[in-house]
2 protein chains.
Amino acid sequence: MAVSFAQIRATRDDVFTENCPTRVVLDHVMSKWGVLVLLALTDGTLRWGELRRTVDGISEKMLASTLRTLESDGIVARTAYPEVPPRVEYALTPRGEQLMVRMLPLMEWIADEADDIVGR
Amino acid sequence: MAVSFAQIRATRDDVFTENCPTRVVLDHVMSKWGVLVLLALTDGTLRWGELRRTVDGISEKMLASTLRTLESDGIVARTAYPEVPPRVEYALTPRGEQLMVRMLPLMEWIADEADDIVGR
DNA sequence: CAGCATCCTGTCAGATACTG
DNA sequence: CAGTATCTGACAGGATGCTG
């Protein structure tokens, strides 16, 4: 295995402690809707309505709160154009891209194995 | 970027659809306690009590249900020894190790960036 | 020691309606 | 179009007590 957990723990010993920053980021980024929104943005900028349609089943409320969280974490960038009708675009920031580079192999594996795991 | 989301989507077009296997596995594996338990098991077998102490803040109920889910997904293996007092050990299965190989780089990045993201 | 059964509660998330 | 506001129910999750 390329990197062991002990290695992570060596540089940061509070990964398992409640209320440590790692857990907070973990909850934002690995949340049910968080991953799906990030995944949707991986291939490029999307508008609010496109996101809503792409992430099947997400409510407006959850989309809004997910986007706000990811934006305040500096993972997603929001750009509003002063037009009528309004146009707002969402994209990954450089930090968000760094994140997705690491998350995509994981997603790819899950997508491949899912049928076997759930058992169909 | 090594792998794009479009690439995943090409082999599996239902990633964004509700109630598809991918979403189920995603919910199990990326759940709040799921990741932490998996992380704890990455460096080797642990007993129930060790897991409980390692994953700070987890309740017995959540530990039990998390382990049952991961076991039924074939990601974690449970071994009970017929002794008094009872001894039960949990370890990653080969499938679980495959998963963690892909999750560790992500965890490492999150652990590194967490302080910056949360802003301390 | 390693759990399960039960009860209880707070939060999250869905539905609906409204607005700049 | 891109949201916000409010209400409500469901369920995640905690506390407690018990058992093989």
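Because the structure is predicted, anything quoted here is derived from the model rather than measured. Quick note: numbers below take in every heavy atom, side chains included, and nothing from hydrogens, waters or symmetry partners.
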Starting from [atom2] on [N], measure out to [atom1] on [X] and report it in whole angstrom.
X     : N      : atom1 : atom2 : result
A:W33 : C:dT11 : CH2   : P     : 22 Å
B:H28 : D:dA12 : NE2   : P     : 11 Å
A:Y81 : D:dG3  : OH    : P     : 13 Å
A:E50 : D:dC1  : CD    : P     : 11 Å
A:E89 : D:dA2  : CD    : P     : 9 Å
A:E71 : D:dA2  : CD    : C1'   : 14 Å

Counting side-chain heavy atoms from C-beta on, which of [options] comes nearest to [X]?
X     : options               : result
B:K61 : D:dA15, D:dG3, C:dC1  : D:dA15
A:M62 : C:dA13, C:dC4, D:dC1  : C:dA13
B:W48 : C:dC1, C:dA2, D:dA2   : C:dA2
B:P86 : C:dG3, C:dG14, C:dC1  : C:dC1
B:E60 : C:dG14, C:dC4, C:dA2  : C:dC4
A:R47 : D:dG13, C:dG14, D:dC1 : D:dC1

Identified side chain to side chain contact (heavy atoms under 4.5 Å, CB included) counterpart of A:T69 within the set A:L67, A:T66, A:D73: A:D73
Touch class at under 4.0 angstrom, heavy-atom based, for B:R52 against every strand present: nothing
Sugar-phosphate only, base, or nothing, as touched by A:Y90 at under 4.0 Å among non-hydrogen atoms: sugar-phosphate
Residue mapping more 5' on DNA chain C - nearest nucleotide basis, B:R53 or B:A64: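 By nearest-heavy-atom nucleotide position, the 5'-most residue is B:R53.
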Nearest heavy-atom neighbours spanning A:F16 and B:D56: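 Looks like O-CB, 2.6 Å.
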5'-most by nearest nucleotide on DNA chain D - B:K32 or A:V88: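 Looking at the nearest nucleotide for each, A:V88 comes out on the 5' side.
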Donor-acceptor under 3.5 Å (B:S31 side chain, B:G34 main chain):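 At least one qualifying donor-acceptor pair exists.
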Phosphate OP1/OP2 of D:dA2: any A:R68 side-chain N/O under 4.0 Å: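 So the side-chain polar atoms of A:R68 never come under 4.0 Å of the phosphate oxygens OP1 or OP2 of D:dA2.
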Salt bridge (Lys or Arg N to Asp or Glu O under 4.0 Å) assessment of A:D115 paired with B:R12: CA-CA 11 Å; A:D115 289 327; B:R12 165 178 276 282; 2.8 Å; yes
Plane angle bin for B:W48 and B:Y90 - parallel if under 30°, tilted between 30 and 60°, otherwise perpendicular: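 Plane angle between 30° and 60°, so tilted.
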